[in-house]
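Just so it is clear, the structure is predicted and the values come from calculations on it, not from any experiment. Protein chains get the first letters and strands the later ones, always in sequence-line order, with residue 1 at the start of each.
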Amino acid sequence: MKNLETILESLNEPQKQAVSHIEGPLMVIAGAGSGKTRVLTYRIAYMLAKGINPYQILALTFTNKAAAEMRERIFNLVGEASAKAVMMGTFHSVFYKILRIEGEKLGYSRNLTVYDTDDSKNLIKSIIKEMNLDPKVYAAGHVLNRISGAKSNLLSHIDYIKNPEIFAADNEAGKPLIGEIFSRYNERLRKSDAMDFDDLLYYMNVLLRDFPEMLHKYQNRYQYILVDEYQDTNFAQYLIIKKLSSSHHNICIVGDDAQSIYSFRGANIQNILNFKRDYPEAVTIKLEQNYRSTQNIVNAANAVIKCNKDQLFKEVWTENEEGNKINIFQTNSDSEEAQLVANTIFEYKQNFHVNNSQFALLYRTNAQSRALEESLIKRNIPYKIYGGLSFYKRKEIKDVIAYFRITINHFDEESLRRIINYPQRGIGQTTIEKVIVCANHHQVRIWNVIENPSKFGLDVNNPTKERLMEFVTKIKSFSALLTTTDAYELGKHIVVSVGILKELSEDKTDLDRKQNVEELLDSIKEFTEKEPESSFNESTGEIIDEYFPSLDRFLESVVLLTDEEDKEEAIQDRVKLMTIHSAKGLEFDYVFLTGLEENLFPSSMSLGSRAELEEERRLFYVAITRAKRSLTITHSLTRYRFGSLQFCEKSRFLNEIPVKYLNYTEKASMGKGIFSSHSSPSLFGDKSFSEVTRIRKKENAQIASERKMEVIGKEATIDQIVPSLVVFHDKFGFGEVKQIDGKGLETKAVVQFETVGTKTLLLKFAKLIIPDKK
DNA sequence: ATGGAGACCTTTTTT
DNA sequence: AGGTCTCCAT
């Protein structure tokens with residue numbers, strides 16, 4: 001543990017103030033790249049060094065990624081014991097923990113399930129169906145948005161129905177019954193002993209509002225509260241923080257109004273603008289020195305954000321070098337755009353010593369990643385896509401998790417519906433509908449009906465009844481093992497005995513799925529082998545709850561995870577691809593920002609109001625400020641969207657960067673990267689612009705034909721494939737055969753690919769090519 | 001009850 | 001283009 005002086009040593013003046021101002025409200029306005037995370041972590045270290053009990057510190061973040069990073073950095077500063085004792089996590093995960101403990105006061109059990117967005121949507125869909133409403137008029141996504149918005153503003157379904165303005169708005173939109181859906185939705189959640197994401201915040205508020213002893217308990221417990229990314233809080237979050245800190249006012253919020261990009265989720269930028277009103281004695285500190293980026297990048301970003309009307313005054317500056325100008329390239333098509341990016345990375349790597357992981361490719365929408373991926377594979381550049389369809393959202397994983405959930409909570413309706421006939425056991429749609437109607441009619445849970453079909457007069461034939469009861473018996477047998485069998489053993493038992501693994505093994509077209517399930521089991525195993533963390537009474541040290549790595553504990557730990565925890569992350573040197581939203585808080589040496597076109601960025605959805613357009617502009621600001629050394633922006637004249645070719649206009653945002661900070665290349669040839677212009681004049685001496693272009697084109701032609709040569713080879717017969725053989729796959733590129741399983745037409749090969757990692761392939765489909773040796 | 005063919009809709013962003 | 005949903009035939 002460091003002492004107070006050494007903690008402060010490495011900080012600049014405002015950072016020092018922010019770190020050492022511990023008592024009383026503090027607002028830190030942290031410009032991009034100004035060392036925000038550093039301040040937060042050092043502040044916690046400072047508090048601990050001052051002797052503050054780590055159990056009294058609550059640190060809230062928005063994303064799991066941010067929480068993990070903060071935990072790690074504090075860990076390094078102060079050591080494991082103290083770091084673990086600090087309550088640190090996302091809003092949702094922290095309040096979920098509390099609600100599992102206190103939920104009985106609100107009519108929830110300790111086993112309460114959290115519904116993710118898919119679950120919520122599915123539930124809404126079925127309610128809409130049950131109400132005989134037109135699913136086109138009542139689109140589940142839209143209805144959920146309305147409900148979510150209400151909950152984020154702490155409106156109950158009763159408030160919603162009673163509110164004349166809301167009703168008028170819904171009525172005008174032709175959807176007067178959203179309030180009724182809301183009401184039924186809540187009822188079903190309750191019946192399922194489940195909360196949706198918004199409920200975690202909503203019920204935390206209810207707990208603090210209706211139970212004074214709870215308010216007192218948690219105010220007392222958390223004497224020091226830190227909130228990261230405060231500009232992204234919604235009303236529900238804002239009020240929890242306000243209540244918890246009302247007795248001591250030891251609240252430190254850190255944020256940047258210029259980086260508020262989540263208003264679509266109910267984030268209210270006013271929360272940061274109003275902090276002074278809530279805490280008149282609050283101290284405000286601005287962190288304006290940027291340590292991350294070059295002057296060109298900082299200046300360009302400043303110029304862009306100045307176009308917004310709503311903002312707190314702040315002037316970000318840097319002492320870093322001027323740096324290269326921002327390169328902007330226009331291409332003919334999205335695939336050329338992608339190739340230009342890949343080629344530029346390729347050239348960069350050839351000419352300088354740059355690692356793959358120093359590059360980031362950013363885009364507005366996930367759909368844009370595909371073209372980039374293809375061009376990277378062609379160039380044999382390893383990459384990793386962040387976000388998108390995360391591990392826990394994959395079908396096969398959700399199926400397995402659903403079994404876990406139903407084992408822990410029989411009333412979890414969405415899980416039940418998901419797996420009652422998966423793997424198929426002859427319980428079809430008609431039966432399920434009858435069960436639901438029956439359950440609604442008797443005002444009981446679906447589980448109650450299938451547990452005892454005769455009791456509720458369920459109108460299905462006897463074999464079906466038996467199948468239902470067989471299912472119930474099976475689940476009950478799993479539940480019986482919860483306290484005696486650890487998460488891994490039970491998880492494996494479930495997957496095997498239910499036949500999921502067998503089912504997936506039979507699906508020859510997609511062997512990845514089985515692998516994913518196995519990966520899930522591996523991660524459960526890791527969980528069970530982790531060092532036990534028993535909970536104990538903080539003042540006496542008495543162990544209250546002996547740790548046992550049960551399945552419900554495992555589920556608790558992953559239910560709010562959206563990203564796959566990637567263990568190989570640090571080892572693997574790969575180019576990173578992600579949306580701008582998920583890039584927030586991160587930084588990269590070389591950033592490529594693609595698709596700067598009207599209707600894509602800014603998104604066509606955001607053109608309705610100034611506020612929305614300003615949010616898009618903040619998003620652009622976030623994107624620019626991710627870059628440390630170099631920023632390359634591209635826009636394409638055409639792009640495939642929704643399956644057809646569209647013509648695209650250059651984004652208005654590009655005109656907001658003063659020309660003195662940039663190099664613009666119209667009609668860029670896709671082979672010509674940033675070398676052709678000004679970044680690296682020494683490489684080409686005094687050759688003219690067009691000469692360099694010509695050289696580049698020629699080189700690229702050469703490279704391209706070389707690549708072709710490489711790939712030409714014979715398609716391998718099955719018995720030719722042996723371990724350690726280098727092979728080429730049409731989609732995955734080059735790889736090395738690691739292992740062969742099975743015989744004849746069923747032969748499978750485990751191949752380690754250079755760019756996409758390890759895949760198991762069924763050889764009769766894989767069409768592997770053995771490249772000719774040069 | 002199941003599976004396949006075709007219609008249909010998507011693309012904002014995340015806990 | 002690709003996945004999801006619906007409807008129809010078996």
Answer with base, sugar-phosphate or nothing: what part of the nucleic acid does A/Lys125 contact at a heavy-atom distance below 4.0 Å?
-> sugar-phosphate
Looking at every strand, decide which applies to A/Ser606 at a 4.0 Å heavy-atom threshold: base, sugar-phosphate, or nothing.
->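 Answer is nothing: A/Ser606 stays at 4.0 Å or more from every strand.
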Face-on cation placement of A/Lys384 at A/Tyr386 ring, 6.0 Å and 45° thresholds | yes
Measure the acute angle between the ring planes of A/Phe620 and A/Phe653, then classify it against the limits of 30° and 60° as parallel, tilted or perpendicular.
->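 Answer is parallel, since the angle falls under 30°.
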Using the six-membered ring wherever Trp is involved, compare the ring planes of A/Tyr222 and A/Tyr218 and label them parallel, tilted or perpendicular (cut-offs 30° and 60°).
->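 If you compare the ring of A/Tyr222 with that of A/Tyr218, the planes turn out parallel.
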Nearest nucleotide by nearest heavy atom, which residue falls closer to the 5' end of DNA chain B, A/Thr464 or A/Asp198?
-> A/Thr464
Of A/Phe62 and A/Ser603, the one whose closest DNA chain B nucleotide lies more 5' | A/Ser603
Using the P atom on both, measure C/dT4 against B/dT13 and round to a whole Å.
-> 15 Å
A/Lys243, NZ atom: more than 12 neighbouring heavy atoms under 6.0 Å =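 Atom NZ in A/Lys243 is packed in, count exceeds 12.
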Do other residues, nucleotides or ligands put more than 12 heavy atoms under 6.0 Å from the CD atom of A/Glu72?
->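 Counting other residues, nucleotides and ligands, CD of A/Glu72 stays at 12 neighbours or fewer.
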A/Glu229 bridged to A/Lys584 by N-O distance under 4.0 Å =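 Yes, A/Glu229 and A/Lys584 are salt-bridged.
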Going by side-chain hydrogen bond (donor to acceptor under 3.5 Å, both in side chains), name the residues that satisfy it together with [X], two or more places apart in sequence or in a different chain.
X        : answer
A/Tyr202 : none
A/Asn461 : A/Thr464
A/Asp399 : A/Lys395, A/Arg418

Give me the first and last nucleotide of DNA chain C, going 5' to 3', that has any atom under 4.0 Å from a heavy atom of chain A.
-> C/dA1 to C/dC5
Within-4.5 Å side-chain heavy-atom neighbours: [X] and [Y]:
X        : Y        : result
A/Thr431 : A/Ile420 : no
A/Asp196 : A/Lys151 : yes
A/Arg652 : A/Leu613 : yes

In residues 90-103 of chain A, what residues come within less than 4.0 Å of DNA chain B, judged by heavy atoms?
->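 Contacting residues: A/Thr90, A/His92.
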Out of [options], which nucleotide sits closest to the side chain of [X]?
X        : options                : result
A/Phe642 : B/dT15, B/dT11, B/dT14 : B/dT11
A/Thr117 : B/dT11, B/dT14, B/dT15 : B/dT15
A/Thr63  : B/dT13, B/dT15, B/dA1  : B/dT15

[atom1] of [X] versus [atom2] of [N]: gap in Å, rounded?
X        : N      : atom1 : atom2 : answer
A/Tyr262 : B/dT14 : OH    : P     : 6 Å
A/Leu144 : B/dT15 : CG    : C1'   : 12 Å
A/Lys136 : B/dT10 : NZ    : C1'   : 15 Å

Using the aromatic ring of A/Phe264 (for Trp, its six-membered ring), decide whether it stacks on the base of B/dT13 within the limits of 5.5 Å and 30°.
->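 Taking the rule of under 5.5 Å and under 30°, the ring of A/Phe264 does stack on B/dT13.
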Please write out the pairs of protein N or O atoms and N or O atoms of nucleotides 2-4 of chain B separated by less than 3.5 Å, giving the distance to one decimal.
{"residue": "B/dT2", "atom": "OP1", "partner": "A/Gly426", "partner atom": "N", "Å": "3.4"}
{"residue": "B/dT2", "atom": "OP2", "partner": "A/Asn421", "partner atom": "ND2", "Å": "3.1"}
{"residue": "B/dG3", "atom": "OP2", "partner": "A/Gln424", "partner atom": "NE2", "Å": "2.8"}

